[in-house]
Amino acid sequence: MDASLLSADTFNGNAGEQIAPPLQPPGTDMTGICFRDQLWINSYPLDRNYVFDYFALSPFYDITCNNEILRRRSVHPLDHSQLSKMTGLEYVISDATEPNFFVFRKQKRDGPEKVTPMLTYYILDGSIYQAPQLCTVFAARVGRAVYNISNAFSVAASKLETIRQGDAKSQNEPSESKPASETVDLKEVKRVDLILKSLYSKLPPAPPPPPFPEGYVSQEALGEKEEEVGTQGGESQQPQIDPIIDQGPAKRMKF
């Protein structure tokens, strides 16, 4: 039966008028679906008193839970004082921000203080979803990381293959592409020398330098003349003697 066609008595907690959900238990992985009943949302407030009745309409609800037993006893299905005395599956609200966000936790109770969390569901703006399990989140993240790493290696391999093909192509090119300066032909060198010699023999001899003007003496001639004068003067002339200093005190004139 469509949930939108249910009457108001369906959600008031009366066990006699409650329409039973499907008998088969919900699956453990129902993250690919969501549930929403706009007619119920328009008819009832979404708060702590009615949110469990709304959750019980979804395919995520397990009819074999302890909350269903309390509903049939006309007891509020989220009464913690009653649930703590029972054992088995149960649903509790672990977090709530009325009226937009509610978190339901499905757990197995083995004693008043011993519970084992199983699954988590949340209601966001009237739509009910199953939260993914931690192992599923890790598997998805690891799978995405492996996919990105695989793509990176594929791109790197394609680029390396392109570089390798370019190197192989450059190695297979003929040796004519190499510059000619790497090889020297002796015959060509001799032929160039003969051409240069023949051209040099055909050139006229170089003209003599122009004469110096009258009275001009080159620096070389001046240097040679100074050397000759110094040599002759050292042999014939004696050094001059100071008549006052070099004659001594006995030869000085007395006044």
Side-chain angles (χ1 to χ4, degrees), residues 27-34 120 122 124-125 127 129-255:
T28 56
D29 187 7
M30 303 177 68
T31 55
I33 64 174
C34 70
T120 302
Y122 61 95
L124 181 62
D125 294 332
S127 299
Y129 306 87
Q130 177 183 343
Q133 296 183 353
L134 188 60
C135 59
T136 306
V137 175
F138 278 135
R141 296 293 177 87
V142 172
R144 183 180 301 177
V146 171
Y147 174 77
N148 293 333
I149 293 174
S150 177
N151 284 348
F153 276 112
S154 300
V155 174
S158 62
K159 291 185 177 181
L160 290 176
E161 181 66 20
T162 303
I163 295 174
R164 188 187 65 81
Q165 292 178 358
D167 294 341
K169 185 178 180 180
S170 61
Q171 291 178 0
N172 295 331
E173 290 181 355
S175 59
E176 296 178 357
S177 60
K178 297 182 178 180
S181 59
E182 295 183 1
T183 58
V184 178
D185 191 357
L186 296 178
K187 294 182 180 180
E188 187 69 18
V189 173
K190 291 181 180 180
R191 189 175 68 85
V192 172
D193 291 342
L194 291 176
I195 294 173
L196 293 176
K197 287 182 181 180
S198 63
L199 292 175
Y200 181 76
S201 61
K202 294 178 181 180
L203 294 175
F212 295 105
E214 296 181 0
Y216 175 79
V217 180
S218 63
Q219 296 294 332
E220 297 178 356
L222 287 176
E224 293 177 357
K225 186 175 181 181
E226 289 178 356
E227 290 179 358
E228 293 177 357
V229 170
T231 304
Q232 294 177 359
E235 294 177 354
S236 58
Q237 295 181 0
Q238 297 293 333
Q240 297 181 357
I241 300 173
D242 190 347
I244 298 176
I245 298 175
D246 296 337
Q247 290 180 4
K251 295 182 181 180
R252 293 180 183 176
M253 297 179 63
K254 296 181 180 180
F255 296 97

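- The side-chain contact (heavy atoms from CB on, under 4.5 Å) test applied to Ala131 returns Thr120, Tyr122, not counting sequence neighbours.
- In terms of the side-chain hydrogen bond (donor to acceptor under 3.5 Å, both in side chains) criterion, residue partners of Ser127 (sequence neighbours excluded) are, by chain and number, Arg36.
- In this structure, the separation between CG on Leu196 and OG on Ser201 is 11.0 Å, given to the nearest 0.5 Å.
- With sequence neighbours excluded, the residues that form a side-chain hydrogen bond (donor to acceptor under 3.5 Å, both in side chains) with Asn151 are Tyr147.
- Every residue meeting the side-chain contact (heavy atoms from CB on, under 4.5 Å) condition with Ile195, not counting sequence neighbours, appears here in chain and number order: Arg191, Leu199.
- Atom CD1 of Ile149 is separated from atom CZ of Arg144 by 13.0 Å, given to the nearest 0.5 angstrom.
- For the side-chain contact (heavy atoms from CB on, under 4.5 Å) test, residues two or more places apart in sequence or in another chain that qualify with Thr31 are Asp29, Gln130, Pro132.
- Checking side-chain atoms of Ser150 against main-chain N and O of Val146 turns up no donor-acceptor pair under 3.5 Å.
- Of all heavy-atom pairs between Ser158 and Val155, the closest is OG-O, 2.6 Å.
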